[in-house]
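Input: a single structure, listed below in structure tokens.
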Amino acid sequence: MQILAIMRIEHYRYVYFEPQALDYPLGKELYREFSGRDDVEVRYTTSHNRVTGLVTAPPQRAFAAAKRTLVVGVKRSLEFSSCRPSAHYQLPLATGCPGMCRYCYLHTTLGHRPYVRVYVNRDAILKRVCEYIRERSPKLTVFEGAATSDPLAVEPLTGSLALAIEFFAQQPLGRFRFTTKYAYLQGLLRLEHGGHTRIRFSINAQRYIERFETGTLPLDQRLHACRRTGEAGYPVGIMVAPIFLDKGWQKEYHELIKKVALVCGDLPDLTVELITHRYTKRARKNIEAMFPEHGLPMDDAVRSFKYGQFGYGKYVYPGQRLKEAERQFADWCGEHLPHSRIDYLV
Ligand code: SF4
């Protein structure tokens, strides 16, 4: 397999390989690519879950170094986690992301190990997908590729999304979806996707993107990427996340929906997912250590506490405010995005 683009390779400074990963074509390819570079330190690890020799302090430096660390490994556990409300199962092609969003949903689960992991045993992972599809047959089974990563951020290195998209095109009862803040679409737009993969673009008001999302694409580039993807015949979507229901939020998000309408309003199959801001105790602790001046609204006193599907509690906006937001977004989407469908607001 040819590496799709060289542009993201120079992002990484430390690249770890599990020895077994070198038995796979992708592992070999990545090894050839990185071991030939003077600006990369190639290292080895027995497990992608137990990487040693990383910068550990201070937290800001450790975080920045981890985001420039890539681990090439073999996904051993092939029990996929559930993934409500967007899909039935997670599809683990990668873990972690080179982006540095302060409100990243991975702060809870990755904690002090935010390095980027890519898995080379894609055939075994996709074989497992077949088993999950069979178990639920004749019902459709939906897999989410972005539950543990922004998979498009590492696509130029791996080509794993292209592989998955072509695989799902052949699955009458399987559907794939992932969400992204990037636009490395070169290898995807001309694929035979069969309409079985929905690509969604995660967006927010531009001022939140500038303030909280270091290393991601600006809003207008994401919207244009969404348009190009829709024009290539893919079902597409926008995910507005995280939504801050603070003073003036109506004006901010009404403007955002109008911008979406300007670029993508005529796309025939556009879904809208709405995720209000939430945080766990663990995420808050990690965020405070890594970004002392984070500026995120995390006042427990004005939030409700709720247990999620993985057993940990999170601080969410109170139910009344969520209902108000739901009504408001339904009105805006009805008015400006009449061809769209709201999948959920949480
Ligand atoms: S792009 Fe997504 S996965 Fe990557 S850091 Fe930002 S929120 Fe996290």
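Just follow the structure's listing: the first ligand is 1, and inside any ligand the first atom is 1.
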For this session: Check the angle between the aromatic planes of H277 and Y279 and answer parallel, tilted or perpendicular using the 30° and 60° thresholds.
Result: tilted

For this session: State, without any angle test, whether T158 and Y119 hold a side-chain donor-acceptor pair at a distance under 3.5 Å.
Result: no

For this session: For the pair F244 and F212, name the ring-plane relationship: parallel under 30°, tilted 30 to 60°, perpendicular over 60°.
Result: tilted

Problem set entry | Carboxylate-amine/guanidinium contact K258 E255, below 4.0 Å | yes

Exercise. Do the ring planes of H107 and F63 sit parallel (below 30°), tilted (30 to 60°) or perpendicular (above 60°)?
Worked result: tilted

Exercise. Near atom 8 (Fe) of ligand 1, which protein N/O/S atoms are found at less than 2.8 Å?
Worked result: C104 SG

For this session: Could you tell me whether the side chains of R76 and S47 share a donor-acceptor contact shorter than 3.5 Å?
Result: no

